[in-house]
Structure formats: C-alpha cells, structure tokens
Amino acid sequence: SDPSFVAHARQVVEMVTAAIGLLEQGDMETLTGVLQDLGARHSDYGVGQEHYPIVGEALILTLQAALGEAVFTENAKRQWLTVADIIFCTMATTWA
C-alpha cells in the first residue's frame, strides 16, 4: 500500500466522522465552514465536481464491504448517500 494513499484515506474517514458528528449536533454553521475550507483546498488540488460520483461510489462500496448487508441496509445506504451529498455540495460552493 502507498503510505500517502493510506494517510489520505484515514483523513477522509476522519472528516466524514466529524461531519456526521456536527450533523448530529445540529451545528451546521461549523460544518459549513469546515466543508467550505475543505472544498477550497481540494479546488486548489484540481479536484472538481466530476470527481464526486467516483468518491461517493467508493464510499458506498467500502461501507457495504466493511459492514455487510445485515448492517448496511438499503435505508442505511440512502442515509449515507444523503450525508455524502451534503458534504460534496457544501464543498462545491467554494469552487469557481
């Protein structure tokens, strides 16, 4: 495994976990600021909206594989897709 890939994957999981925590707390102001900062950094790296479907699909497939069908139900999948959409759409507000 590429150490930089593993480090980035860990950062993604940490960011998703933090986003879920802020959503659960109802702290949309903090969440929006964090995601907009993240979006601006990713824009600087050349990441665009065309990359979102790839990342979203990878997230869903990873969760399905890790949690299994008994835990990762269709309802859970819909909820995760909603969370991913909130994250991606908020990040995208900073892009030109």
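Nothing here was measured: the structure is a model prediction, and the numbers come from that model.
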Kindly give the heavy-atom pair with the smallest separation between [X] and [Y], and that separation in Å.
X	Y	result
Ala19	Ile87	CB-CD1, 3.9 Å
Met91	Leu35	CG-O, 3.3 Å
Gly46	His51	O-CE1, 3.7 Å

Within a reach of under 6.0 Å around CD of Glu50, are more than 12 heavy atoms found that belong to other residues, nucleotides or ligands?
yes
Residues two or more places apart in sequence or in another chain: which of them pass side-chain contact (heavy atoms from CB on, under 4.5 Å) with [X]?
X	result
Thr82	Ile86
Thr93	Gln36
Ala40	Thr94
Glu74	Lys77, Arg78

Residue pairs fulfilling ring-ring contact (aromatic ring centres under 6.0 Å, His included) with at least one residue in residues 3-39, sequence neighbours excluded
none
Set of ring-ring contact (aromatic ring centres under 6.0 Å, His included) partners for Tyr45, sequence neighbours left out
His42
Considering residues at least two apart in sequence or located in another chain, which fulfil the ring-ring contact (aromatic ring centres under 6.0 Å, His included) criterion with Phe88?
Tyr52
Side-chain donor/acceptor pairs under 3.5 Å, residues 53-73, sequence neighbours excluded:
residue: Thr62; atom: OG1; partner: Ala58; partner atom: O; Å: 2.7
residue: Thr73; atom: OG1; partner: Asn75; partner atom: N; Å: 3.4
residue: Thr73; atom: OG1; partner: Ala76; partner atom: N; Å: 3.1

CE on Met28 to CG on Leu23, rounded to 0.5 Å
5.5 Å
Looking at residues at least two apart in the chain, or sitting in another chain, which of them share a side chain to side chain donor-acceptor pair (under 3.5 Å) with [X]?
X	answer
Ser4	Asp2
Asp44	none
Thr32	none
Asp27	Thr30

Would you please test Trp80 and Asp85 for side chain to side chain contact (heavy atoms under 4.5 Å, CB included) and show each step?
CA-CA 8 Å; Trp80 273 102; Asp85 191 51; over 6 Å; no
Indicate, with yes or no, if Met15 and Val13 share a hydrophobic cluster defined by side-chain heavy-atom contacts under 4.5 Å among Ile, Leu, Val, Met, Phe, Trp and Tyr.
no
Thr17 and Glu14: side chain to side chain contact (heavy atoms under 4.5 Å, CB included), yes or no, with the steps?
CA-CA 5 Å; Thr17 301; Glu14 289 170 1; 5.6 Å; no
